[in-house]
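Step one of this worksheet: look at the structure below.
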Number of protein chains: 2
Amino acid sequence: MAKRPTIRDVAEAAGVSKSLAAMVFSSEAGVSADRRDKVLAAAKKLGYTPNQWARSLRSGSGSFVGILLNDLHNPLLTEIADLTRNALLEKGQQSFVSAVVISEKNGKRFVEPSSIHSLLDLKPKGLVVVGGLPDLKPFKTLPEDVPVIIATAPAAGLPNATVVRSDDDKGLWLLVDHLVDLGHKRIAYVGPDDSPNSIARMSGYKKAMLDRGLEKYIVTQVAERNEAGGYAAAKLLLQDKNAPTAIIGFNDNIAFGVQGAVSEHAKAGMTPVAVAGYDNTYVADLARVSLTSIEQEKEAIAMKVSELITNPRVAAEYRGREITLLPRLVVRNSTLKPS
Amino acid sequence: MAKRPTIRDVAEAAGVSKSLAAMVFSSEAGVSADRRDKVLAAAKKLGYTPNQWARSLRSGSGSFVGILLNDLHNPLLTEIADLTRNALLEKGQQSFVSAVVISEKNGKRFVEPSSIHSLLDLKPKGLVVVGGLPDLKPFKTLPEDVPVIIATAPAAGLPNATVVRSDDDKGLWLLVDHLVDLGHKRIAYVGPDDSPNSIARMSGYKKAMLDRGLEKYIVTQVAERNEAGGYAAAKLLLQDKNAPTAIIGFNDNIAFGVQGAVSEHAKAGMTPVAVAGYDNTYVADLARVSLTSIEQEKEAIAMKVSELITNPRVAAEYRGREITLLPRLVVRNSTLKPS
DNA sequence: TTGTATGCGTTATCAC
DNA sequence: GTGATAACGCATACAA
């Protein structure tokens, strides 16, 4: 198959020098109109598009923004990555999404450093990290003027990064508040406690309960971050004599598992238990699921991120700081009707 | 921040020439043990890892496999991409996942060619395309010896690609067969008809109905490929006097919408309608959803793909051919109990 | 305005 | 076994 044309092929076809042809694609001015047209025509005919990686290599920095996606399975993260990419596209900013490799070595999951280096070696002009990475050290090799924005996760040890995330304390306060208003007192929380993110939410739950004078009803149950984890944890909670009347899950996935356990509980003739999740995944909105959840305002996050990455002034202003957005409660059947 | 060390830094630190240092990382032999150790020690101390893109540029081909992800929102595709990546990792094959950009121009969605070129310019040693791309022309610029594998989609006009997908005819046959065994006759199909993939499934449905002698009950309703599309289409079907007693959706997402419409239908006192989807997304397995679906054997697809990409002999053998895997029926409540 | 030379980080081809 | 040199595709400082 035909080899990809290079700028030399274009120059030759247009009858000009390589550098002249290069100028047509790099800087706007500096080339006479007729020659520029010739080059453009030749490029179009050959189907030439610049190799942006060679460009990165030479210039020290590319013209694209790198988006590092933490987990392909998490709909919240893929959604935010996609929204960010679209927001950047609207500003005319190219981006490149790549997914981190997570491998497992003797039972422990960790991020392959090479999958981070791969993106950094492409020399992005800015970097967006979507989701919490356990180790952000590799990013320290980035040049000073490359902004790093971390979406929906704390900046574990990266002093110059900007964090854009929604306020977990507020989110859990909204959930607890909503449930208390419905008459619940025994409100339990189910979720992991192995990451900054999960710890923040659990702590938000406790603060909210305290705030409502319900400290003696605080019950937390550790769970793995998937449906099965939520199911198992809820089963444990529900067999207690002082079983909760409402359960909040760390995220929607866990809450789905809780819903499963709660359904079985209700079928056994027990009083129905309210369930709420977090992240407002599209699944939560399905008619059959109808799970009350917290919307992290993904669009707002994406907009903020794209603004930070494209506007150097704003980027400089927020370097090393955290931008906190207000989450929003989305009430659905799981906390209203009996399930 | 510290700049990323290059091979020159390593060579200098080890007191050897760049070429010698390079040999340590490229070929196994050809360098004396003591110098090799010196280089390795220096590399470790500086935290050096080779820039694989510069390597690609020079060698004409990198050491990694490119995985092009069609749609970040489709759980089937992200799952297959991830499984493929893991299968490759187990064979010691690095891979790089990047997502295509889909933009919208005057109402029409299309793939940004630049997002494909970006990955091709990295010069992968093999390419995996996950999901159906409307236009595969850009891949024609790949060298002859770079295998292209297309997962879960037809090879629209790429004669040298290998396709790995499951048999849609068989999948729809399994669904229709299952429903007929349960006593259904009025089995309708809901889904789009705007892509090779969707046309294949719709045709599979018709063949299966014919095969069971139910040609006079064939009813298809076009729907957009999302929950809302399924909901709207099902609403239309259900208001008919000869409403179907079972509805098959093009994929799970559409079937979720159908489930919503069917629930409302049942609440209005009508006889419950069976629903089935396709792709066996993790959502289908949620207790509250419990949707009968077709498993495309994602693991098997990923295994096949990774074998094709890593084994040149197998790749050559299947070049230009299609590998069809057998799908599997997963029965859940949506086709059993009244919903 | 146009062409030439140099280098980004790497590997391949030579000499030595 | 080792080291200098060219080249991958591109951009830029410089000279013409």
Side-chain angles (χ1 to χ4, degrees), chain A residues 3-39 43 46-64 114 117-125 141-143 146, chain B residues 3-39 42-43 46-64 94 117-118 120-125 141 143:
Chain A
K3 216 184 121 231
R4 186 106 191 267
T6 77
I7 195 148
R8 305 162 73 113
D9 300 321
V10 174
E12 193 176 353
V16 300
S17 75
K18 299 109 209 158
S19 17
L20 196 267
M23 293 188 69
V24 174
F25 293 100
S26 53
S27 47
E28 287 298 309
V31 180
S32 59
D34 53 338
R35 303 222 176 214
R36 149 172 258 112
D37 288 345
K38 259 191 192 165
V39 171
L46 296 175
Y48 168 79
T49 47
N51 183 328
Q52 64 175 313
W53 312 127
R55 180 181 290 180
S56 286
L57 185 60
R58 160 67 218 202
S59 317
S61 159
S63 56
F64 73 102
S114 68
H117 282 304
S118 294
L119 188 57
L120 299 188
D121 280 345
L122 257 17
K123 317 228 165 148
K125 63 181 283 197
T141 65
L142 281 172
V146 174
Chain B
K3 216 185 121 227
R4 185 105 192 267
T6 76
I7 196 150
R8 305 162 72 111
D9 301 320
V10 174
E12 193 176 353
V16 300
S17 74
K18 300 114 207 162
S19 2
L20 182 58
M23 291 188 72
V24 174
F25 293 99
S26 53
S27 48
E28 286 300 306
V31 91
S32 58
D34 53 336
R35 302 222 178 212
R36 149 173 258 111
D37 289 345
K38 259 191 193 164
V39 171
L46 295 176
Y48 167 80
T49 47
N51 182 327
Q52 65 174 312
W53 312 128
R55 176 182 292 182
S56 287
L57 182 59
R58 166 64 218 196
S59 317
S61 160
S63 57
F64 72 101
Q94 293 263 357
H117 282 303
S118 295
L120 299 188
D121 281 344
L122 257 18
K123 316 224 168 150
K125 63 181 282 195
T141 66

Taking any atom closer than 4.0 angstrom to a non-hydrogen atom of chain B, what span of DNA chain D does the protein reach, first nucleotide to last?
dG1(D) to dG9(D)

N51(A) CG to dC8(C) C1': how many Å, rounded?
13 Å

Nucleotide dT10(C), atom P - distance to CG of L57(A) in whole Å
9 Å

Once rounded to the nearest 0.5 Å, what's the spacing between atom [atom1] of [X] and atom [atom2] of [Y]?
{"X": "S114(A)", "Y": "D121(A)", "atom1": "OG", "atom2": "CG", "result": "10.0 Å"}
{"X": "T141(A)", "Y": "K3(B)", "atom1": "OG1", "atom2": "NZ", "result": "10.5 Å"}
{"X": "K123(A)", "Y": "S63(A)", "atom1": "NZ", "atom2": "OG", "result": "14.0 Å"}
{"X": "S59(A)", "Y": "K125(A)", "atom1": "OG", "atom2": "NZ", "result": "12.0 Å"}
{"X": "H117(A)", "Y": "L122(A)", "atom1": "NE2", "atom2": "CG", "result": "13.5 Å"}

The criterion is side chain to side chain contact (heavy atoms under 4.5 Å, CB included); which residues satisfy it with R8(A), sequence neighbours excluded?
T6(A), K18(A)

Go through the structure and list residues passing side chain to side chain contact (heavy atoms under 4.5 Å, CB included) with V16(B), not counting sequence neighbours.
A11(B), A14(B), L20(B), A21(B), R35(B), V39(B)

Could you tell me which non-hydrogen atom of L46(B) sits nearest to which non-hydrogen atom of A13(B), and how far apart they are?
CD1-CB, 4.2 Å

What are the two closest non-hydrogen atoms of S32(B) and D34(B), and how far apart are they?
OG-OD1, 3.0 Å

Under 3.5 Å, N/O pairs linking protein and nucleotides 11-14 of chain C:
from: dT11(C); atom 1: OP1; to: R55(B); atom 2: NE; distance (Å): 2.6
from: dT11(C); atom 1: OP1; to: R55(B); atom 2: NH2; distance (Å): 2.9
from: dT11(C); atom 1: O2; to: R58(B); atom 2: NE; distance (Å): 3.2
from: dA12(C); atom 1: O4'; to: R58(B); atom 2: NH2; distance (Å): 3.1

What residue pairs, at least two apart or across chains, pass side-chain hydrogen bond (donor to acceptor under 3.5 Å, both in side chains) with a residue in residues 48-57 of chain A?
R4(A)-T49(A), Q52(A)-S118(B)

Between V16(B) and T49(A), which is nearer to the 5' end of DNA chain D once each is assigned its nearest nucleotide?
V16(B)

Go ahead and write out DNA chain D as dot-bracket, 5' to 3': ( ) for pairs within the strand, [ ] for ones crossing earlier pairs, | when the partner sits on another strand, dots for unpaired; Watson-Crick or G-U wobble, both distances under 3.5 Å.
||||||||||||||.|

